[in-house]
Amino acid sequence: MKTEKIFDTDAFIKTNNARVLKCTPSEREGYKNLYEVITDSSIFAPEGGGQKSDEGFFDDIKVVDVQEFDGELIHFLEKEIPIDSDTVQKINFDLRFRRMQNHNAEHLICGLIHKKFGYDNVGFHLSESRDKDGGLLGIEAIMDVDGPISAEDLKEIELNANRAIAENVPIYAVLPTVEEAKNIPYRSKLDISENLRLVIIDGYDVCACCAPCLDSIAQIQLVKIVDFMPHRGGMRITLKAG
């Protein structure tokens, strides 16, 4: 059952009316006592690309997690929901936006590093701090590149990234065919043969990515490199955006 992934091309849709195609008790380790739900369309991005899945609700039922298994988008819900029923999906958009700011800032920084040094991004994740009630306190983007960079060069990279943000260069996601992808140079940590999705920052970066993206690079607002250190022959860089 293929689900239309609305978030692939429009990350700013906050609610969606979807049809429930499947709802079964989960047998998966770590997900027992939850229900696996597949819908005809979804605004919930699954875990992947270095960040956790979207948070939100189907009507008033909490979505605990979202994963993609064998090409199927599985929503893990706290309660059962009737098959063939209509449901209103609602995401925590404030959380998604904060994640997009930091994730797209990472694309911009890594794109600039790749253009200047030819280094590849070999690791990335968003680190989130939460209060005792689960509320978001802050996000950091942590990335590893496979070569050394001086403090002076990182300062230049940060300056150029903020210039791009001020100029509001276009950012967008595309879904090229296999043939189209052969003619597009892009960064990727994985060898992707199908279902390729590219996030493009005009003049700065083209990167394979499955996470939702901003529709304006100015929405990053500001990016700041807050820490860096040598790591496995390269550099580990931590940034904050927003």
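Side-chain N or O atoms of R232 include none that pairs as donor or acceptor with a backbone N or O of D146 at under 3.5 Å. For the pair K90 (side chain) and D59 (backbone), a donor-acceptor distance under 3.5 Å is present. Judged by distance alone, with hydrogens and angles left aside, the side-chain atoms of D131 form a donor-acceptor pair with the main-chain N or O of D133 at under 3.5 Å. With hydrogens and angles ignored, the 3.5 Å screen pairs a side-chain donor or acceptor of Q89 with a backbone N or O of I43. Judged by distance alone, the side chain of H75 and the main-chain N or O of V66 form no donor-acceptor pair under 3.5 Å. Side-chain atoms of E158 do not come within 3.5 Å of backbone N or O of K155 as any donor-acceptor pair. Side-chain N or O atoms of D10 include one that pairs as donor or acceptor with a backbone N or O of F12 at under 3.5 Å. With N102 contributing its side chain and A241 its backbone, the two residues share a donor-acceptor pair below 3.5 Å. Side-chain atoms of R99 come within 3.5 Å of backbone N or O of S53 as a donor-acceptor pair. Looking at R96, its side chain does come within 3.5 Å of a backbone N or O of A11 through a donor-acceptor pair.
The pair K182-E179 counts as a salt bridge, with a side-chain nitrogen and a carboxylate oxygen less than 4.0 angstrom apart. A salt bridge links R130 to E55: one of the charged nitrogens lies within less than 4.0 Å of a carboxylate oxygen. The residues R187 and D205 are annotated as salt-bridged, a charged nitrogen and a carboxylate oxygen being separated by less than 4.0 angstrom. One finds a salt bridge joining E156 and K116 here, because a Lys/Arg side-chain nitrogen approaches an Asp/Glu carboxylate oxygen to under 4.0 Å.
For the residue pair N16 and S42, no side-chain donor N or O sits within less than 3.5 Å of a side-chain acceptor on the partner. No hydrogens or angles considered: nothing links the side chains of E78 and N33 as a donor-acceptor pair under 3.5 Å. For the residue pair N104 and E106, no side-chain donor N or O sits within less than 3.5 Å of a side-chain acceptor on the partner. Side-chain atoms of S216 and N168 form a donor-acceptor pair, as typed in the model, at a separation below 3.5 Å. A donor-acceptor pair shorter than 3.5 Å can be found between the side chains of E36 and S26. Side chains of Q101 and Q221: a donor-acceptor N/O pair is present below 3.5 angstrom, by distance only. Side-chain N/O atoms of Y172 and D215 include no donor and acceptor closer than 3.5 Å.
Taking CD of Q67 as the reference point, atom NZ of K52 lies at 11.5 Å (rounded to 0.5 Å). Between the CG atom in L73 and the NZ atom in K5 there is a gap of 6.5 Å [rounded to 0.5 Å]. Note: L126 CG to R98 CZ = 11.0 Å, rounded to the nearest 0.5 Å. To the nearest 0.5 Å, atoms CD1 (I220) and CD1 (I109) are separated by 8.5 Å. Separation of atoms CD1 (I200) and CD1 (I184) is listed at 6.0 Å; rounding is to 0.5 Å. L159 contributes atom CG, which lies 10.5 Å from atom CD1 of I225 (distance to the nearest 0.5 angstrom).
For the residue pair N121 and C110, the shortest heavy atom distance occurs at ND2-SG, 3.6 Å. The shortest non-hydrogen separation linking C23 to E80 is SG-CG, 3.8 Å. Closest approach of I91 and I13 over heavy atoms only: CD1-O, 4.0 Å. Taking both residues in full, the closest heavy atoms of V169 and I201 are given as CG2-CG2, 3.7 Å, listed atom of the first, atom of the second, then distance. Among all heavy-atom pairs drawn from I142 and T238, the shortest one is CG1-OG1, 3.8 Å. Listed here is the closest heavy atom pair of D153 and I149: CB-CG2, 3.7 Å.
By the 4.5 Å heavy-atom criterion applied to side chains, R19 and D84 are counted as neighbours. Looking at V145 and V122, their side chains never come closer than 4.5 Å, going by heavy atoms from C-beta outward. Contact check for E140 versus V226: side-chain heavy atoms found under the 4.5 Å cut-off. Side-chain contact between P176 and L198 is present, with heavy atoms from C-beta onward closer than 4.5 Å. A 4.5 Å side-chain heavy-atom check between H107 and Y204 finds every atom pair outside the cut-off. Side chains of C210 and E47 form no contact here, defined as non-hydrogen atoms less than 4.5 Å apart. Residues I165 and V223 meet the side-chain proximity criterion, which asks for heavy atoms closer than 4.5 Å. In this structure, R197 and V174 have side chains that are not in contact, with every pair of non-hydrogen atoms separated by 4.5 Å or more.
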Checklist entry - Under the side-chain contact (heavy atoms from CB on, under 4.5 Å) criterion, do I38 and I74 qualify, and how do the steps go? => result CA-CA 6 Å; I38 298 175; I74 309 294; 3.7 Å; yes
Next on the checklist: side-chain contact (heavy atoms from CB on, under 4.5 Å) for H114 and D120? Distances and angles first, verdict last.
Outcome noted: CA-CA 6 Å; H114 186 75; D120 289 320; 3.4 Å; yes
Next on the checklist: Walk me through whether F97 and L214 qualify under side-chain contact (heavy atoms from CB on, under 4.5 Å).
Outcome noted: CA-CA 8 Å; F97 188 76; L214 299 169; 3.7 Å; yes
Checklist entry - Yes or no on side-chain contact (heavy atoms from CB on, under 4.5 Å) for I113 and I157, after CA distance, side-chain angles and deciding distance? => result CA-CA 7 Å; I113 289 172; I157 293 289; 4.2 Å; yes
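By the criterion of side-chain heavy atoms lying less than 4.5 angstrom apart, applied directly or through intervening Ile, Leu, Val, Met, Phe, Trp or Tyr residues, L34 is not grouped with V37; the two fall into different hydrophobic clusters. Cluster annotation: V20 is connected to V63 through the hydrophobic network of ILVMFWY side chains, with a link wherever side-chain heavy atoms come within less than 4.5 Å. Residue Y35 is not grouped with residue F69 when hydrophobic side chains (ILVMFWY) are merged at heavy-atom distances under 4.5 angstrom, including chains of intermediate members. Hydrophobic clustering, with ILVMFWY side chains joined whenever heavy atoms are under 4.5 angstrom apart, keeps L95 apart from F57. Placement of M235 and L239 within a single hydrophobic cluster is found when ILVMFWY residues are connected by side-chain heavy-atom separations under 4.5 Å, directly or transitively.
The aromatic rings of F124 and H103 lie tilted to each other, with the angle between the two planes from 30° to 60°. Taking the six-membered ring where tryptophan is involved, the planes of F117 and Y119 are essentially parallel, since the angle between them stays under 30° and well short of 60°.
Few gaps surround NZ on K189; more than 12 heavy atoms of other groups in view lie less than 6.0 Å from it.
Between F58 and F44, the distance separating the two ring centers is shorter than 6.0 angstrom.
Under a cutoff of 6.0 Å and an axis angle of 45°, K14 and F93 form a cation-pi pair.
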